[in-house]
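Here the structure comes first, spelled out in structure tokens, and everything after it is commentary.
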Amino acid sequence: MLKRLPSFASVLPLYSVIAVMAYGWTITSFLWKLPSWLLFLTIGEILALFAYAMASALGESLLILGVLLLASLILPAKWFKDEFNIRGAWFVMVAYGSIMVFLTLYASQDGFLGKYWTAWFAGSIGVALLSAYFAARARFMRSIALWLSDRLMVFLFIFLPVSAISILAVIARNLN
Amino acid sequence: MPELSRRDFLKLMLVSAAGVGLAGDRFLVESISAGDGNRPNVLILLFDAMSVHNLSLYGYARPTTPNLERFAGRATVYHSHYSGGNFTSPGTASMLTGLYPWNHRSLSDRSLVRRDLTERSLFHYAGEGYTRVGFGQNLWADLFLRQFKADMEQHLPPNSFSYKNLATLVSQDLPNDPTVAYYAIDEFLASSHNVFSFSHPGSALWGYLDLSYGQINADERSADYLYAMPSNGYSIYRHPELFDGLYSTFSRLSAQASPWFGYFHLFSPHPPYAPRREFVGSLPEMEFLFKKQHPLSTVHASWPEIKEKRNQYDEFIADLDFEFGKLMDRLESAGILDSTYVIITSDHGELFERGEYGHGSPLMYDAVLHIPLLVSEPGRRQRRDVYTATSNTDILSTVARLCDNPVPAETDGRPLPEFGGGEDADRSVFSIVSRSSSAFQPLEVGTLAMMKGEWKLIHYFGYQDYPVDFELYNLQDDPQEKHDLYSKDPSALAQLREELRDTLEDANRPYRKKGP
């Protein structure tokens with residue numbers, strides 16, 4: 001069973017891509033909302049809120065990684081596992097990125113796009129699958145995925161410890 | 001005393017049992033709801049964003065509230081009752097804490113009150129002998145209930161009695177961290193689906209799933225509603241189910257041995273105005289007084305648009321009033337009104353003039369501040385009217401009295417006339433909007449209104465490019481506030497202006513940095 005999973009050396013770079021997207025989105029949104037919170041929340045409350053955000057970003061990034069690992073378990077190795085890092089990075093960048101674009105447009109157009117969420121979702125997954133398919137064949141796509149995942153790994157040294165502390169803080173706040 | 005034979009005893013038992021059976025629910029409720037030394041129950045039923053300007057109870061030409069008028073026949077009706085703020089957060093907090101917004105510090109949207117007030121709320125002063133229940137169908141009101149939960153025996157979630165949820169409200173399941181969990185999860189991480197604002201959710205995946213969930217549930221069309229279904233942004237509700245739920249809750253509480261205090265903050269008639277189909281077009285046409293657009297209007301709506309919104313609002317009130325009438329009839333039949341003080345009020349009004357519809361803008365005209373207040377006491381069968389100015393900061397002291405507890409010293413309010421307080425024609429009551437001010441800093445930008453006797457003074461402070469400082473109206477001669485007397489009546493103005501400025505200065509003093 002474990003043999004069907006990709007090696008740690010190819011999981012970690014892919015995770016770094018996912019993590020940078022998840023944490024990057026969360027931190028950007030946090031900074032965008034911060035001025036309004038500063039009007040009525042104390043610094044302690046804002047830090048607690050940040051802890052929830054970091055715990056959530058960790059959960060979200062692990063969930064996405066988990067789905068990709070599950071896919072590599074189910075699919076033939078040639079389709080996904082053998083090029084896990086490259087195909088996975090392109091799939092995530094397109095599908096997850098597309099969700100982010102949708103949410104940005106949704107917010108900027110006062111929810112107008114909301115009713116097209118299913119079409120957008122289907123289209124995104126389709127394009128993401130195509131890009132994952134071509135990623136292992138086109139040299140420039142391959143290079144981009146490897147270059148990015150290699151360089152983004154450094155952020156894990158910040159994200160993971162911060163999230164660990166955040167999870168402890170969230171648990172402490174919710175204990176009786 | 002004559003001896004009772006076995007046969008007589010059996011007859012007596014039979015007759016008693018039949019009597020109990022015939023009296024049914026009413027007997028049952030009466031016998032148990034009086035509970036605990038006959039202390040009465042106290043119910044506050046609040047309708048969000050209900051302006052006296054649109055209620056026939058207060059003289060509006062359209063018959064929007066025949067059932068409130070009927071209820072007024074057994075209540076004290078307050079004709080000059082004002083909210084401390086012009087939108088939910090400051091207005092509701094003023095009632096729940098007995099303080100003006102500059103003292104409770106809930107100034108901005110969905111904000112909290114000062115943390116040291118969490119055990120000085122209306123629920124606290126109702127006292128521990130009561131079963132205290134809170135329901136905030138408006139999420140911003142529910143935030144206060146989360147703050148005051150230590151003094152509540154039951155906190156009903158805001159989607160209680162709802163027809164369908166539009167969002168998940170995860171923080172409801174985190175009772176040990178209810179406020180921060182709300183801001184973190186429901187308003188930030190998964191906040192994309194909210195009919196009142198569209199913002200980036202803090203979690204893209206969570207937000208997208210929440211949005212999808214909301215879209216699936218919101219897509220339902222109902223033949224009963226022409227415009228939209230009533231919604232608080234997190235759930236869809238329908239008046240009949242909501243009021244059935246309220247009746248069941250009141251009956252359940254009345255069946256307990258101890259008296260109860262209930263704060264039920266209903267979302268209607270807050271926008272979106274969503275009357276049922278049978279109420280659309282049910283009210284007679286009428287002409288509205290045109291008032292030109294105010295420079296500080298935030299909506300900049302056209303006059304036809306304002307009139308259309310106002311029609312929908314009136315119809316929504318008529319729909320609400322219909323269900324309110326049925327509820328009161330059921331409570332009366334069950335005998336619950338005979339042991340319960342019922343307080344009907346609102347947290348702020350609604351404005352349809354000067355380019356504005358809604359509430360919470362810098363405009364502080366009467367329609368958005370002037371709210372209904374009716375207090376019905378057990379056994380009362382005649383209407384009383386009080387015309388002197390009262391503030392919704394008075395509710396806390398009044399409830400303390402009704403619940404047989406001492407009136408707290410730290411309050412800006414006082415017991416209402418007829419319920420422990422006297423009428424004071426010289427009293428000044430205030431209302432403020434200062435949405436962009438920090439809760440921890442002096443008030444920098446806002447509008448402060450002071451009502452005193454027949455006069456109303458409005459003070460604009462800190463607005464850029466808006467040169468007007470004051471407006472003065474005589475509410476008795478000019479209830480529509482058409483004629484600004486600021487430059488015409490300096491003698492009346494000077495004293496009022498001084499009092500208002502002193503009030504603002506006192507409000508800001510604790511927050512100013514001390515000099516070297």
Side-chain angles (χ1 to χ4, degrees), chain A residues 21-22 24-30 32-33 35-53 55-57 59-61 63-64 96-118 120-121 124 170 172-176, chain B residues 89 93 105-115 143 170-171 173-216 218-219 434-441:
Chain A
M21 290 183 77
W25 174 272
T26 299
I27 291 168
T28 309
S29 304
F30 182 89
W32 191 68
K33 287 241 183 184
S36 75
W37 287 328
L38 283 169
L39 287 178
F40 61 90
L41 293 179
T42 63
I43 297 299
E45 288 164 340
I46 289 174
L47 286 175
L49 209 155
F50 187 70
Y52 274 97
S56 160
E60 182 171 348
S61 54
L63 181 71
I64 294 170
Y96 197 28
S98 166
I99 285 178
M100 291 170 176
V101 170
F102 180 85
L103 290 171
T104 306
L105 292 173
Y106 176 78
S108 65
Q109 295 179 4
D110 282 353
F112 169 72
L113 267 181
K115 53 189 159 189
Y116 301 113
W117 71 275
T118 41
W120 189 284
F121 182 72
S124 302
V170 169
R173 290 186 69 87
N174 284 284
L175 286 177
N176 270 322
Chain B
S89 296
R105 307 306 289 186
S106 177
L107 299 164
S108 50
D109 295 5
R110 85 284 191 226
S111 54
L112 302 171
V113 297
R114 263 171 34 209
R115 310 309 183 261
L143 281 169
V170 176
S171 60
D173 299 321
L174 299 172
N176 293 323
D177 195 14
T179 51
V180 171
Y182 168 78
Y183 292 115
I185 300 171
D186 299 320
E187 199 200 278
F188 176 53
L189 292 168
S191 73
S192 62
H193 190 84
N194 179 340
V195 293
F196 308 118
S197 65
F198 299 92
S199 61
H200 288 188
S203 155
L205 195 62
W206 202 341
Y208 189 74
L209 291 174
D210 195 66
L211 183 150
S212 312
Y213 175 76
Q215 287 295 327
I216 291 167
D219 271 352
S434 187
R435 277 178 115 142
S436 57
S437 288
S438 164
F440 314 106
Q441 301 285 329

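Reckoned from all heavy atoms, side chains included, excluding hydrogens, waters and symmetry mates. These figures come from a predicted structure and were not determined experimentally. In the text below, chain A, chain B and the rest are named by the order of the sequence lines, each starting its count at 1.
- Highest contact tally toward chain B, considering only A/L38, A/L41, A/I27, is held by A/L41 [criterion: heavy-atom pairs under 4.5 Å].
- Options B/P178, B/A181, B/S203 differ in how many heavy-atom pairs under 4.5 Å they form with chain A, and the most are formed by B/S203.
- Residue B/R115 touches chain A through its side chain alone, counting heavy-atom pairs closer than 4.5 Å.
- Every residue two or more places apart in sequence or in another chain that forms a ring pair (Phe, Tyr, Trp, His ring centres under 6.0 Å) with A/W37 is listed here: A/F30, B/F188.
- Neither the backbone nor the side chain of B/R114 comes within contact range of chain A, judged by heavy atoms closer than 4.5 Å.
- Put simply, CG on A/L49 and CG on B/L189 are 7.5 Å apart, with the number rounded to the nearest 0.5 Å.
- Taking CG from A/L103 and NE2 from B/H200, the interatomic distance works out to 7.5 Å, rounded to the nearest 0.5 Å.
- Contacts between B/Q441 and chain A at a heavy-atom distance below 4.5 Å are absent for every atom of the residue.
- For the atom pair B/N176 CG and A/N174 CG, the distance stands at 6.5 Å (nearest 0.5 Å).
- Going from atom CH2 of B/W206 over to atom CG of A/L63 covers 11.5 Å, rounded to the nearest 0.5 Å.
- With chain B as the partner, the residue from A/S29, A/A22, A/A53 showing the most heavy-atom pairs under 4.5 Å is A/S29.
- Listed for the A/K33 side chain is no donor-acceptor partner under 3.5 Å among the backbone atoms of B/P201.
- The side-chain heavy atoms of B/L205 and A/W25, taken from C-beta on, include no pair separated by under 4.5 Å.
- One distance of note links CD1 of A/I99 with CG of B/L209; it measures 7.5 Å at 0.5 Å rounding.
- Sparse packing is recorded around CZ of A/F121, with 12 or fewer heavy atoms of other residues, nucleotides or ligands lying under 6.0 Å away.
- Comparing A/E45, A/M100, A/M21 by how many heavy-atom pairs each has under 4.5 Å with chain B, the most go to A/E45.
- Neither the backbone nor the side chain of A/A57 comes within contact range of chain B; no heavy atoms are under 4.5 Å apart.
- Contacts of B/I185 with chain A are made by side-chain atoms alone, with heavy-atom separations under 4.5 Å and no backbone atom involved.
- Using a distance-only test at 3.5 Å, with no hydrogens or angles considered, no donor-acceptor pair links the side chain of B/S108 to the main chain of A/L39.
- Neither the backbone nor the side chain of B/S106 comes within contact range of chain A, judged by heavy atoms closer than 4.5 Å.
- Residue B/Y183 is tested with A/F50, A/F40, A/Y52 for a ring-ring contact (aromatic ring centres under 6.0 Å, His included); the sole match is A/F40.
- In terms of non-hydrogen atom pairs under 4.5 Å with chain B, the most contact-rich of A/A48, A/S56, A/S36 is A/S56.
- Only the backbone of B/S436 comes within contact range of chain A, judged by heavy atoms closer than 4.5 Å.
- Looking only at distances, no side-chain donor or acceptor of A/Y106 sits under 3.5 Å from a matching main-chain atom of B/Y208.
- For A/T28, no part lies near chain B; criterion is any non-hydrogen pair under 4.5 Å.
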